[in-house]
There are 2 protein chains.
Amino acid sequence: MGAEGGLRERKKLQTRAALADAALRLALEKGPDHVTVEEIAEAADVSVRTFFNYYSHKEHAILGRNPEHLERALERMRSAPAEESPLTTMWFVVHDVLRDLESEGELSRRGELIMSSPALLYQLMLSSIDDERQLTAALAERLGEPVGSTRPALIVSAAGAACRVAMELHKTAPDRPIRELVDEGFQLLAQGIDPAFGPNN
Amino acid sequence: MGAEGGLRERKKLQTRAALADAALRLALEKGPDHVTVEEIAEAADVSVRTFFNYYSHKEHAILGRNPEHLERALERMRSAPAEESPLTTMWFVVHDVLRDLESEGELSRRGELIMSSPALLYQLMLSSIDDERQLTAALAERLGEPVGSTRPALIVSAAGAACRVAMELHKTAPDRPIRELVDEGFQLLAQGIDPAFGPNN
DNA sequence: GCAGCTTCTTGCACTCACTGCAAACTATTA
DNA sequence: TAATAGTTTGCAGTGAGTGCAAGAAGCTGC
């Protein structure tokens with residue numbers, strides 16, 4: 001892991017990580033709604049005010065969101081081979097993130113935690129929505145479609161839905177790995193969720 | 001409109017409506033982030049504490065969420081003819097809600113407001129998630145599928161995604177009516193969002 | 001019409017999230 | 001080592017949201 005820059009940079013990264021760690025640990029221990037920012041800050045040995053210099057919301061710290069993920073996703077999207085179908089690109093993007101989270105060994109626990117707490121889910125959605133907008137824009141450009149067209153937006157958004165469904169189902173059936181559930185969802189989306197659809201038959 | 005029950009009942013409905021109205025009006029006027037509960041309560045001529053007796057979150061009042069919608073949706077889902085395909089049922093459910101919102105004459109303004117405010121969008125999603133769970137359960141039962149299966153959950157969730165995409169697109173292109181955008185999304189979901197999908201080709 | 005019950009409203013005190021500001025502190029750079 | 005630029009912190013303040021207990025108001029039986 002590249003420890004670039006001077007002491008200052010390193011300290012910032014350290015503090016950020018310490019806050020995220022403490023936040024996740026405490027949230028797992030006491031339930032996300034019963035952790036206060038004060039506790040998190042104390043556990044990370046900084047002041048409350050400093051906490052807010054790093055994370056604007058309590059939930060951000062617990063989610064420990066890595067901005068790098070979005071960056072990589074956008075990059076992957078832009079550099080995808082021309083013949084790769086859009087949902088396939090999304091699939092790679094999603095699995096890339098999953099790989100990262102898994103290697104941190106917290107995919108499952110964190111996923112469960114997220115799905116169990118409205119506030120967390122909500123914050124995750126917040127960032128998802130922002131991400132979705134950017135991913136949609138990137139995908140639309142890649143497909144050469146106008147900004148207002150439905151398909152790219154729907155592909156991104158439906159892929160997000162598939163991920164959320166996968167997490168939710170994994171929570172109730174932990175024996176089915178998330179990847180498998182995600183793949184199933186993507187497969188369904190790809191081929192059509194309901195070929196018999198026809199409200200005006 | 002049936003004014004059931006005694007004075008008490010009516011007053012409660014009145015207060016609830018007054019709060020929702022004031023909340024929406026003020027949110028449209030000053031932007032949702034610059035309205036305080038105090039103002040809303042004052043405009044509705046009740047105390048702040050009373051506000052919270054009706055809505056547990058400020059955003060709920062602005063969304064003015066009608067619990068009746070979910071009820072009707074579940075009812076529609078349960079009583080759907082056996083041969084109606086699942087996404088078609090969702091379509092009717094969605095259009096039923098749209099009709100209601102339209103008749104209140106606020107679909108567009110409220111939709112725009114919601115899409116423009118993270119806090120509102122999150123609250124909407126939160127309630128959506130709750131709704132989605134119930135709708136998913138109902139749909140799974142109707143399809144005779146086990147609770148943990150992917151398809152019903154994905155159908156409900158993807159339909160929600162289509163609605164959100166429709167609102168988002170409508171915001172940037174107000175000339176395209178929401179219904180039309182919703183239909184386009186449903187059509188795509190039904191037939192398959194990406195027939196060429198195949199990460200393991 | 002009133003006593004007694006239930007339900008709704010309100011004020012109050014409190015916790016907690018979050019923000020702006022200015023002072024103190026610390027790495028960096030010349 | 002002195003100037004500078006970035007970081008941390010305390011403090012004061014706003015606003016959301018909750019629990020509690022007292023009072024107001026609708027309801028019910030007489």
Side-chain angles (χ1 to χ4, degrees), chain A residues 3-20 22-24 26-27 29-65 117-124 126-127, chain B residues 3-20 22-24 26-27 29-65 117-124 126-127:
Chain A
E4 309 276 314
L7 177 54
R8 219 166 220 170
E9 291 291 305
R10 264 177 291 139
K11 272 202 166 178
K12 275 187 81 171
L13 288 179
Q14 244 175 288
T15 306
R16 178 174 287 271
L19 283 170
L24 180 58
L26 289 169
E29 267 174 31
K30 328 175 48 171
D33 300 338
H34 300 122
V35 195
T36 68
V37 171
E38 199 173 345
E39 291 171 316
I40 299 173
E42 196 172 345
D45 209 41
V46 294
S47 74
V48 172
R49 194 62 188 78
T50 297
F51 173 95
F52 286 107
N53 287 340
Y54 283 89
Y55 296 100
S56 54
H57 300 278
K58 184 175 64 162
E59 288 76 18
H60 285 182
I62 301 178
L63 291 178
R65 208 161 150 277
S117 155
L120 286 181
L121 196 45
Y122 171 102
Q123 276 304 331
L124 180 66
L126 148 84
S127 40
Chain B
E4 309 276 315
L7 177 54
R8 217 172 223 162
E9 291 292 306
R10 263 176 292 141
K11 272 204 164 177
K12 273 187 81 171
L13 287 179
Q14 242 176 288
T15 306
R16 179 173 286 273
L19 283 170
L24 179 59
L26 289 169
E29 268 174 31
K30 328 175 48 168
D33 299 340
H34 300 121
V35 195
T36 69
V37 171
E38 200 173 343
E39 291 170 317
I40 299 173
E42 196 172 345
D45 208 39
V46 293
S47 74
V48 171
R49 194 62 188 80
T50 297
F51 174 94
F52 286 109
N53 287 340
Y54 283 88
Y55 297 100
S56 53
H57 299 279
K58 184 176 64 162
E59 288 77 17
H60 285 182
I62 302 178
L63 291 177
R65 208 164 148 276
S117 155
L120 287 181
L121 197 43
Y122 305 155
Q123 275 303 333
L124 180 65
L126 259 199
S127 38

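Values in this document were obtained by computation on a predicted structure and should not be read as measured data. Computed over heavy atoms, backbone and side chain alike; hydrogens, waters and symmetry mates excluded.
- Residue side chain B:Arg10 does not reach the base of D:dG26 through any donor-acceptor N/O pair under 3.5 Å, judged by distance alone.
- Nucleotide D:dT14 holds its C1' atom 15 Å from the CG atom of B:Asp33, rounded to whole Å.
- For a distance-only test at 3.5 Å, the side chain of A:Arg8 qualifies as a donor-acceptor partner of the base of C:dT26.
- The shortest distance between the side-chain N/O atoms of A:Tyr55 and the OP1/OP2 oxygens of C:dC18 is not below 4.0 Å.
- Between B:His57 and D:dA16, a side-chain N or O to OP1/OP2 separation shorter than 4.0 Å is absent.
- Checked by distance alone, B:Arg49 brings no side-chain donor or acceptor within 3.5 Å of a matching partner on the base of D:dG17.
- B:Thr50 has a side-chain polar atom (N or O) that falls below the 4.0 Å cut-off from OP1 or OP2 of C:dT10.
- Rounded to whole Å, atom C1' of D:dG15 lies 12 Å from atom CD of B:Glu59.
- Distance, B:Asn53 CG to C:dC12 P: 16 Å, rounded to whole Å.
- Atom-to-atom, NE2 of B:His60 to C1' of D:dG17 comes out at 12 Å; the value is rounded to the nearest Å.
- Residues B:Lys58 and A:Tyr54 both approach DNA chain D. Their nearest nucleotides, taken by heavy-atom distance, put A:Tyr54 toward the 5′ side.
- C:dA17 atom P lies 13 Å from atom CG of A:Leu120, rounded to whole Å.
- Toward the 5′ end of DNA chain C lies the nearest nucleotide of B:Lys12, the other residue of the pair A:Val48 and B:Lys12 mapping further downstream.
- Counting only heavy atoms from C-beta outward, the side chains of B:Ile62 and B:Tyr55 never approach each other to under 4.5 Å.
- Residue B:Leu7 contributes atom CG, which lies 12 Å from atom C1' of C:dT7 at whole-angstrom precision.
- B:His60 places none of its side-chain heavy atoms less than 4.5 Å from the side chain of B:Tyr54.
- To the nearest angstrom, C1' of C:dT10 lies 13 Å from CG of B:Asp45.
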Walk me through whether B:Arg10 and B:Leu7 qualify under side chain to side chain contact (heavy atoms under 4.5 Å, CB included). CA-CA 5 Å; B:Arg10 263 176 292 141; B:Leu7 177 54; 4.1 Å; yes

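- In terms of modelled atom types and a separation under 3.5 Å, the side chain of B:Lys58 and the main chain of B:Val35 share a donor-acceptor contact.
- Look at B:Ser47 and you won't find any side-chain N or O under 4.0 angstrom from OP1 or OP2 of C:dT9.
- Atom C1' of nucleotide D:dC11 and atom CZ of A:Phe52 are separated by 15 Å, given to the nearest angstrom.
- Picking from D:dA16, C:dA17, C:dA27 the nucleotide with the shortest atom distance to the side chain of A:Lys11 gives C:dA27.
- Taking OG of A:Ser47 as the start and CG of A:Asn53 as the end, the distance is 7.5 Å to the nearest 0.5 Å.
- Residue A:Phe51 is classed as having no contact, given no heavy-atom separation below 4.0 Å to the nucleic acid.
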